[in-house]
Amino acid sequence: MIFDTHSHLNFKAYDEDRDEVIKRTQKEGVFCIDVGTKYETSKRAVELAEQNENIYSAIGMHPIHIKTDLLKIKMDEEEGSFQPLGEDFDAEKYRQLVKSKKVVAIGEIGLDYYYRPKTKTRLEEFKNLQKKVFVQQLDLAEELNLPVIIHVRMAFEDVYEILKLRKLKGVIH
């Protein structure tokens, strides 16, 4: 059995061939966890999972989607060339998505310091905001007894400090 623990079939990049990709996974017996990165993609991941027996979903908000005016992010074309609009984390909205039995994890959550404000003060505010939202999502995972899918880029020490006192299961990339 093959299990893809981190797919993004819910992304717009798959709009043209999503059905074909899903058919291929079904034909080959591949199971997928379709991972959300903000509320919209988390909701789409749940919908895809409910429509396909070999797909499960993870819901969460990637640190790049956290609402902030501390910096403007210009995405590299290699990273999907989208412009993050930012949103506030609303645990209740995500809690509603977990009503689906196809939700198997909280993710993609974490810390990402690759894009960063230029001043030291703004950088500290930026890091603290990401840590706050990360902890809120870890709390949600613990409350719901779900594993986590963690994204970390240029922030390993902070992620480790936050995780070392918790008893969570999951994966980190």
Side-chain angles (χ1 to χ4, degrees), residues 1-66 73 75-87 89-91 93-115 130 133-134 136-156 159 162-163 166 168-173:
M1 177 187 300
I2 296 177
F3 218 107
D4 179 347
T5 63
H6 197 115
S7 65
H8 289 293
L9 296 168
N10 51 16
F11 280 15
K12 291 180 181 180
Y14 283 97
D15 283 354
E16 300 286 320
D17 64 349
R18 182 178 295 110
D19 291 340
E20 180 56 36
V21 170
I22 292 170
K23 284 178 188 169
R24 283 197 315 262
T25 63
Q26 290 169 338
K27 180 180 175 196
E28 297 297 326
V30 175
F31 292 82
C32 299
I33 298 176
D34 196 37
V35 181
T37 57
K38 58 185 179 177
Y39 181 75
E40 176 190 355
T41 57
S42 293
K43 187 172 186 258
R44 279 203 307 251
V46 172
E47 291 165 355
L48 271 174
E50 288 178 341
Q51 295 165 5
N52 296 279
E53 66 181 60
N54 68 319
I55 298 177
Y56 296 86
S57 63
I59 60 165
M61 187 166 42
H62 189 289
I64 205 165
H65 290 295
I66 297 171
I73 299 173
M75 298 299 297
D76 296 336
E77 283 190 35
E78 293 175 5
E79 299 213 15
S81 68
F82 64 91
Q83 188 64 36
L85 300 175
E87 64 184 61
F89 178 69
D90 182 344
K93 284 171 64 173
Y94 287 89
R95 229 180 248 108
Q96 293 302 313
L97 293 177
V98 176
K99 289 180 178 180
S100 170
K101 294 184 186 321
K102 299 292 290 263
V103 175
V104 296
I106 301 296
E108 179 171 0
I109 64 175
L111 301 177
D112 190 327
Y113 300 159
Y114 180 76
Y115 299 102
Q130 283 197 25
V133 174
F134 181 40
Q136 288 173 327
Q137 293 181 93
L138 292 172
D139 290 345
L140 182 63
E142 286 179 331
E143 171 193 328
L144 301 169
N145 195 31
L146 288 172
V148 291
I149 298 173
I150 297 175
H151 167 95
V152 59
R153 182 162 58 164
M154 299 182 74
F156 178 80
V159 167
I162 291 168
L163 291 177
R166 292 182 178 258
L168 289 162
K169 294 179 181 177
V171 295
I172 297 176
H173 79 101

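Residues take their numbers from the sequence shown, with the count starting at 1. Worth knowing before you read on, the calculation uses all heavy atoms, side chains too, and leaves out hydrogens, waters and symmetry mates.
Note that CD1 of Ile66 is 9.5 Å distant from CD of Glu87, once rounded to the nearest 0.5 Å. To the nearest 0.5 Å, the span separating NZ on Lys27 from CZ on Arg24 amounts to 10.0 Å. Separation of atoms CZ (Phe11) and CG (Asp34) is listed at 8.5 Å; rounding is to 0.5 Å. The structure places CD1 of Ile106 at 10.5 Å from CG of Leu168, a figure rounded to the nearest 0.5 Å. Note that the CD atom of Gln96 and the NZ atom of Lys43 stand 12.0 Å from one another [nearest 0.5 Å]. Atoms CG and NZ, from Asn52 and Lys23 in turn, are 10.5 Å apart once rounded to the nearest 0.5 Å.
Of all heavy-atom pairs spanning Thr5 and Ile33, the tightest one is O-CB, 3.9 Å. Residues Gly36 and Ser42 share a closest heavy-atom pair of CA-OG, 3.5 Å. Considering all non-hydrogen atoms of both residues, Gln130 and Tyr113 come closest at OE1-CE2, 3.8 Å. In plain terms, the two heavy atoms of Thr41 and Asn10 that are nearest each other are O-ND2, 2.9 Å. The nearest pair of heavy atoms linking Glu108 to Thr37 is OE1-CG2, 3.8 Å.
For the pair Val152/Phe134, no side-chain contact is recorded, criterion being any heavy-atom separation below 4.5 Å from C-beta on. Put simply, the side chain of Val98 does not reach to within 4.5 Å of the side chain of Leu140, judged on heavy atoms. Ile172 is listed as a side-chain neighbour of Leu163, based on a closest heavy-atom distance under 4.5 Å. The shortest side-chain heavy-atom distance between Arg44 and Val46 does not fall under the 4.5 Å cut-off.
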N/O donor-acceptor pairs under 3.5 Å from side chains in residues 55-63, not counting sequence neighbours:
| residue | atom | partner | partner atom | Å |
| --- | --- | --- | --- | --- |
| Ser57 | OG | Lys102 | O | 3.4 |
| His62 | ND1 | Ile64 | N | 3.0 |
| His62 | NE2 | His151 | ND1 | 3.4 |

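Residues passing the side-chain contact (heavy atoms from CB on, under 4.5 Å) test with Val30 are Ile2, Thr25, Glu28, Cys32, sequence neighbours excluded. Remark: Arg18 engages Asp15 in a side-chain hydrogen bond (donor to acceptor under 3.5 Å, both in side chains) (not counting sequence neighbours). Taking the side-chain contact (heavy atoms from CB on, under 4.5 Å) definition, one finds that Asp90 meets it with Glu92, Lys93, sequence neighbours left out. For Lys101, the side-chain hydrogen bond (donor to acceptor under 3.5 Å, both in side chains) criterion is met by no residue, not counting sequence neighbours.
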Item to check | Phe89 vs His65, side chain to side chain contact (heavy atoms under 4.5 Å, CB included): CA-CA, chis, key distance, verdict | outcome: CA-CA 9 Å; Phe89 178 69; His65 290 295; over 6 Å; no
Checklist entry - For Glu143 and Arg95, what are the C-alpha separation, side-chain angles and deciding distance, and is it a side chain to side chain contact (heavy atoms under 4.5 Å, CB included)? => result CA-CA 10 Å; Glu143 171 193 328; Arg95 229 180 248 108; 2.8 Å; yes
Item to check | salt bridge (charged side-chain N to carboxylate O under 4.0 Å, His left out) between Asp139 and Arg166, worked out | outcome: CA-CA 10 Å; Asp139 290 345; Arg166 292 182 178 258; 2.9 Å; yes
Next on the checklist: If you apply the rule side chain to side chain contact (heavy atoms under 4.5 Å, CB included), what do you find for Ile150 with Val171, and how did you get there?
Outcome noted: CA-CA 6 Å; Ile150 297 175; Val171 295; over 6 Å; no
Item to check | Pair Leu48-Ile22, side chain to side chain contact (heavy atoms under 4.5 Å, CB included): steps then yes or no | outcome: CA-CA 10 Å; Leu48 271 174; Ile22 292 170; 3.8 Å; yes
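Under the ring-ring contact (aromatic ring centres under 6.0 Å, His included) criterion, the residue pairs touching residues 25-50 are Phe3-Phe31, Tyr39-Tyr94, with sequence neighbours excluded.
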